[in-house]
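A short write-up of the structure that comes next.
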Amino acid sequence: MSVQPHFQRVALIGFGLIGGSIARAAKLQGLAGEIVTTARSEKTRARVLELGIVDQVVATNAEAVKDADLVILCIPVGACGPVAQEIADYLKPGAIVSDVGSVKGAIVRDMAPHLPKSVHFVPAHPVAGTEHSGPDSGFAELFINRWCILTPPEGVDAAATDRLRAFWAAMGAKVEVMSPDHHDLVLAITSHLPHLIAYTIVGTADELAQVTESEVIKFSAGGFRDFTRIAASDPTMWRDVFLANKEAVLEMLGTFTEDLAKLTRAIRRGDGEALFDHFTRTRAIRRGIVEIGQDSAAPDFGRPLAALKKP
Ligand code: NAP
């Protein structure tokens, strides 16, 4: 445990893969005097209480941020604007407000106008994850040797950025600072486009599978199953990523085939329902492969996990 916590009170809004991993790592490393959390549903809040990782589980976002020195929104990108508006009046002056969203331009656009001048807004994106979601999916080692990108808007207090950098570094992350637009361009090619390709291939194969009686699933070890891991990622999260980073993703698209054009059209039209349905369908394929023993359900293909060093 650290001798000195980095923050007296840390509020995590949302307790899924990322929020749950931050809670576990921060607890293990002694980074917070107290961690208070909330989630949208009573079901998740009850489960977080059962897990016993955090100090307090509260029912509302406003209650969670009260007196917090660090507030991190660990929720889908599309939900960040409305939640920023909801918590604005309850934030402690001097607090650092951050997030973990996979798109940064839209986060700055949607959150910044709501936040009072008395807080420091330092958006963040830990480039680490698995295809699992929900309160049980997080683990303390998720961020070890993974990059966390900070995108402070112009004029943000450098000391606040440094404090957040130190917090992420203490959870094992390597930290880099860049502009929100540059982040979105880089991630469009390194993360968003690969996900789009995986979602396309798995969806196309699903249609073939209906004709070939599940041969695609049966013989998936030829490479297809690795795409299915990515294509099983959370539909809400990825719907929001593509809607929020539309420009950069479209710029990276160029020579796509007919099946990919279907998804491209859905993104261009902002048809979240079509994307969500598609992603939900592909997620089920992944489950089918795990069920017939063609792959492990463990995160990161069950590769051994590194351990955090004691501070
Ligand atoms: P998750 O496991 O699905 O958890 C999402 C959490 O957000 C849940 O606690 C959920 O509450 C809450 N939530 C959902 N919709 C909400 C809304 N409209 N208002 C308030 N709370 C809401 O998701 P995650 O994977 O941790 O992702 C969270 C964020 O991290 C996303 O912005 C994503 O872009 C980013 N991120 C994800 C990964 C990854 O690999 N998964 C990697 C890096 C960054 P309930 O459970 O009560 O519904």
Side-chain angles (χ1 to χ4, degrees), residues 11-25 36-51 53-54 57-65 71-87 98-108 110-111 123-139 142-143 146-151 168 171 173 180 183-184 186-188 190-192 194-195 198-199 229-245 249 272 275-276 279-280 283 286 299-300:
L12 301 173
I13 297 184
F15 197 98
L17 172 68
I18 303 296
S21 295
I22 294 173
R24 289 167 170 94
V36 55
T37 194
T38 187
R40 178 179 51 169
S41 67
E42 174 55 39
K43 185 172 171 235
T44 299
R45 294 195 298 269
R47 179 61 190 145
V48 178
L49 208 55
E50 257 172 34
L51 287 169
I53 299 160
V54 301
V57 182
V58 296
T60 68
N61 297 333
E63 248 180 291
V65 304
V71 174
I72 309 180
L73 273 55
C74 307
I75 60 179
V77 169
C80 287
V83 170
Q85 185 171 23
E86 194 190 327
I87 61 176
S98 189
D99 75 304
V100 293
S102 307
V103 177
K104 298 276 54 104
I107 289 286
V108 173
D110 295 349
M111 287 183 66
H125 175 205
V127 187
T130 74
E131 69 278 24
H132 297 283
S133 46
D136 289 280
S137 62
F139 51 100
L142 178 64
F143 308 114
R146 305 286 180 200
W147 286 99
C148 181
I149 300 171
L150 307 184
T151 64
W168 278 102
M171 292 191 289
H183 167 278
D184 289 354
V186 171
L187 269 289
T190 59
S191 172
H192 306 169
H195 276 80
Y199 281 126
R229 184 191 68 78
I230 297 175
S233 299
D234 186 67
T236 303
M237 169 186 158
W238 283 96
R239 178 199 62 193
D240 284 9
V241 166
F242 288 118
L243 294 179
N245 201 22
V249 169
L275 294 174
F276 188 87
F279 299 171
T280 303
R283 193 179 215 195
R286 168 70 182 171
D300 202 18

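Each ligand, and each atom within it, is numbered from 1 in the order the structure gives.
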Anything under 30° is parallel, anything over 60° is perpendicular, the rest tilted; go ahead and classify His195 against Trp238.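 Rings of His195 and Trp238: parallel, under 30°.
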
Using a threshold of 4.0 angstrom between heavy atoms of the protein and any atom of ligand 1, which residues qualify?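 Ligand 1 is contacted, at a heavy-atom distance under 4.0 Å, by Gly14, Phe15, Gly16, Leu17, Ile18, Ala39, Arg40, Ser41, Thr44, Cys74, Ile75, Pro76, Val77, Ala79, Val100, Gly101, Ser102, His125, Pro126, Ala128, Gly129, Thr130, Ser133, Gly134, Met237.
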
Please tell me if the side chains of [X] and [Y] come closer than 4.5 Å, counting only heavy atoms from C-beta onward.
X	Y	result
Thr151	Ile107	no
Met237	Ser133	no
Val103	His192	yes
Thr190	Val127	no

Supply the atom-to-atom distance Asp184 CG to Asn245 CG, rounded to the nearest 0.5 angstrom.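 Interatomic distance, Asp184 CG to Asn245 CG, rounded to 0.5 Å: 4.0 Å.
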
